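Some notes on the structure that comes next.
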Amino acid sequence: VLTAPDGESALEIYRKEGARIDLVILDLIMPGMGGRKLLRKLLEIDPPVKTLVSSGYSNDPIMSNCEAYGFKGVIKKPYRIEDLSDALQDLLGRKL
């Protein structure tokens with residue numbers, strides 16, 4: 001697991017480590033660059049990048065139609081570890 005304190009740091013990590021990263025979880029609201037903008041940049045680097053969007057703002061259109069924005073899945077806050085596990089299994093195609 002790799003973590004980043006903000007969008008810019010996450011982008012730099014992906015540039016360095018992208019080949020080793022199976023999945024990215026992005027929050028819609030992050031310091032600096034938000035999840036939507038960061039996803040656009042990740043897609044420029046790696047079009048098949050697997051991304052989950054996470055947010056507590058369930059009324060955001062991205063949360064109800066994440067694929068239209070380029071995300072592969074969604075996990076709504078607050079979530080339980082079982083919810084996260086299910087979302088990861090759906091995207092990675094394997095039991096965790």
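Here the structure is a predicted model, which means the values were calculated and not measured.
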What pairs with Glu17 under salt bridge (charged side-chain N to carboxylate O under 4.0 Å, His left out), at least two apart in sequence or on another chain? Arg20
May I have all residue pairs that pass side-chain hydrogen bond (donor to acceptor under 3.5 Å, both in side chains) and include part of residues 4-13, sequence neighbours excluded? Asp6-Ser9
Pair up each side-chain donor or acceptor in residues 42-53 with any protein partner under 3.5 Å, not counting sequence neighbours, and list the distances.
unit_1, atom_1, unit_2, atom_2, d
Asp46, OD2, Tyr14, OH, 2.5
Lys50, NZ, Leu91, O, 3.3

What are the two closest non-hydrogen atoms of Leu38 and Gly7, and how far apart are they? CD1-O, 3.7 Å
Results of side chain to side chain donor-acceptor pair (under 3.5 Å) for Asp83 - residues two or more places apart only: Arg80
Sub-4.5 Å side-chain heavy-atom contact between Lys72 and Glu67: no
Can you sort out the partners of Ile29 under side chain to side chain contact (heavy atoms under 4.5 Å, CB included), two or more places apart, ordered by chain and number? Asp27, Tyr57
Would Ile25 and Leu84 satisfy side-chain contact (heavy atoms from CB on, under 4.5 Å), going step by step from the backbone distance to the final call? CA-CA 10 Å; Ile25 301 173; Leu84 179 59; 3.9 Å; yes
To the nearest 0.5 Å, atom CD1 of Ile75 lies from atom CG of Asp86 at 8.5 Å
So how far is it from Leu39 CG to Leu11 CG, rounded to the nearest 0.5 Å? 11.0 Å
Give, for atom CD of Glu82 and atom CD of Gln89, the distance between the pair rounded to the nearest 0.5 Å. 11.0 Å
For the CG atom of Asp60 and the SG atom of Cys66, what is their distance to the nearest 0.5 Å? 11.0 Å
If you look at every heavy atom in Tyr69 and Arg36, which pair is closest and at what distance? CE2-NH2, 3.4 Å
If I compare all heavy atoms of Leu26 with all of Gly35, which pair ends up nearest, and what's the gap? CD1-O, 3.6 Å
Which heavy atom of Ser54 sits nearest to which heavy atom of Lys77, and what is that distance? OG-CE, 3.5 Å
